[in-house]
Amino acid sequence: MSLNLKNLRGAVLPLALLLVWYAVTALGLVNTKLIVPPEKVLQVAYKFVMRGNFLESIEASLFRDLSGFLLGSVAGVLLGVLMGLSRWTERFVGPSFNTLKQISLFAWLPLISTWLGTGDAAKILFVALSAFYPVALNTFEGVRGVSKAQLEVARVYAFTYKQLITKLILPSASPQILTGLHLGLIYAWMATIGAEFLLISSGSGLGDTVIKGRAAFNIELIVFGMLTIGLIGAIFNHIATRIERRLLVWRGA
Amino acid sequence: MAHAATLEIKNLNKQYQVGDKSLPVLEDISLSIKPGEFVSIVGSSGCGKSTLLKLLIGLEDQYQGDILLDGKRIVGTSLERGIVFQEHRLFPWLTVEQNISIGLLNNTELSAEEKTNSIQEHIELVGLKDFANAYPYQLSGGMSQRVAIARALVNRPEVLLLDEPFGALDAFTRAYLQQELQRIWEKEGITMILVTHDVEEAVYLGDRVVVMQPRPGRIKRVIDVNLPRERTRSSAKFTAIKEEVLREFADTPDTVEELTTQTTVNEAPKNSFLTADALCY
């Protein structure tokens, strides 16, 4: 990305907030035990990064996030395509899918932890589940949305069933599948942190770090953890947007 | 050059099932089309002309009577019959070149190299050499329709069906593409059947003009256009034939007027006329 004034415009608000944050703490306008000054967050961050736990916890969180996302999105695309293609599958699976969807994701946690404990397996399953729904739903709608006019074109050119799927249905549904994957990626990251908050284990992770910070009343650590979580989420979002734009050049957006 | 086929339609009847009622859409259509002939079919909406094309391309296959291509009854869709729809129906995720190649996807007669050559040839035929790698969103309506024509022709079909292909274009583009289509028809030498509601277009392009009347769709009259090509739209002879075709419409109760009165008199448009019309589209 080229660094020009337009791109910098988005940095104005965070910088202003940082300045206000610094000002109110430096001038003693707030209780600095609860709202810690930015420089102290930096100090803690530095110490934390130097100790090596930091990269380790990022790695642990990313591992859970990406494995869960991979599982959930593959399953989601498969089910979405199946339901979109076959009325039978839709009738058979659709009602259960729509009912289960109504269960708040976090309501799955007690069941998951009863089955799998609080280790990585449980967390990854939870992340997979949260990525699964948006991917399956959007894929289904994309596949179902293939236009009748284009299906007629496929018939005129005598497409085989395989060609119908690979040359028409999947490319036609691709914008919505990508939207689903994008949402899934964001949900998966939120679920990763949520799982680390709620399924407390001895493992490391960004969510674990923040929870430990709370236990130790280490607000600097909490703030630093939050900023890191947000930054990683933003990076994911950025990557997903770029991939989408690259793959969907044909839409001319 | 492609082989041009004889197309014979014999006593063709077609009904649509609406609830428990059977609505006749086409009644006793018989028409014999010579190889390499250009036949225009005109009629107001609801006369079943689009349904007729759907039957000829094979997207619809419930009918009584016979549709014979070189004496053989047609079954379903086939690469020997091409079609251009009113909307271009290109795949937006493919470039011009890739869209045209869709026409050859299941062609087993040509080698890969011949396919590439044929695609290039057809891109040039429709004058889009500079746009081979453009996506449909980058094309105008007329250009998109030219790609659709190339896609339909690349297989060298024996019959090309055209379902109001220029209906959605502006007058200038339409006149230009009519001329282009005539050039392509002369070059390829294949049989073409054009469905249109534009009488001038029908006379300009057709060796014969088939006038259809609605409810149920029937052939009212077939008018020969014995004019040398390229035809001048303003010539006296051209105008006379155009008038002759238009007179056929004057005899038929005007569908459009009929429909408007129906809807104004009866607020709820729940009559069989409208249903039949909706089905034809």
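As the structure is a prediction and not an experimental result, all values here were calculated from the model. We name chains A, B, ... by the order of the sequence lines, and we start the count at 1 in each one.
- Enclosure of atom OH in A:Tyr187 is not indicated, since only 12 or fewer non-hydrogen atoms of other residues, nucleotides or ligands lie within 6.0 angstrom.
- The contact list for residues 131-145 of chain A toward chain B, using heavy atoms and a distance under 4.5 Å, is empty.
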Give each N or O donor-acceptor pair spanning chain A and chain B at a distance under 3.5 Å, with atom names and distance to 0.1 Å, or state none.
unit_1: A:Ala149; atom_1: O; unit_2: B:Arg89; atom_2: NH1; d: 3.3
unit_1: A:Gln150; atom_1: NE2; unit_2: B:Leu90; atom_2: O; d: 3.3
unit_1: A:Glu152; atom_1: OE1; unit_2: B:Arg89; atom_2: NH1; d: 2.7
unit_1: A:Glu152; atom_1: OE2; unit_2: B:Lys54; atom_2: NZ; d: 3.3
unit_1: A:Arg155; atom_1: O; unit_2: B:Thr77; atom_2: OG1; d: 2.7
unit_1: A:Arg155; atom_1: NH2; unit_2: B:Leu59; atom_2: O; d: 3.1
unit_1: A:Tyr157; atom_1: O; unit_2: B:Asn106; atom_2: ND2; d: 3.0
unit_1: A:Tyr157; atom_1: OH; unit_2: B:Arg151; atom_2: O; d: 3.4
unit_1: A:Ala158; atom_1: O; unit_2: B:Asn106; atom_2: ND2; d: 2.7
unit_1: A:Gln163; atom_1: OE1; unit_2: B:Asn106; atom_2: ND2; d: 2.9
unit_1: A:Gln163; atom_1: NE2; unit_2: B:Asn106; atom_2: OD1; d: 2.7

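- Contact annotation for B:Ala152: both backbone and side-chain heavy atoms come within less than 4.5 Å of a heavy atom of chain A.
- Within residues 105-112 of chain A, no residue has any heavy atom closer than 4.5 Å to a heavy atom of chain B.
- Across B:Ile102, B:Leu90, B:Leu104, the residue that shares the most heavy-atom pairs under 4.5 angstrom with chain A is B:Ile102.
- Counting heavy-atom neighbours within 6.0 Å of A:Met226 CE, excluding the residue itself, gives a total of 12 or less.
- Heavy-atom proximity under 4.5 angstrom to chain B picks out nothing from residues 54-76 of chain A.
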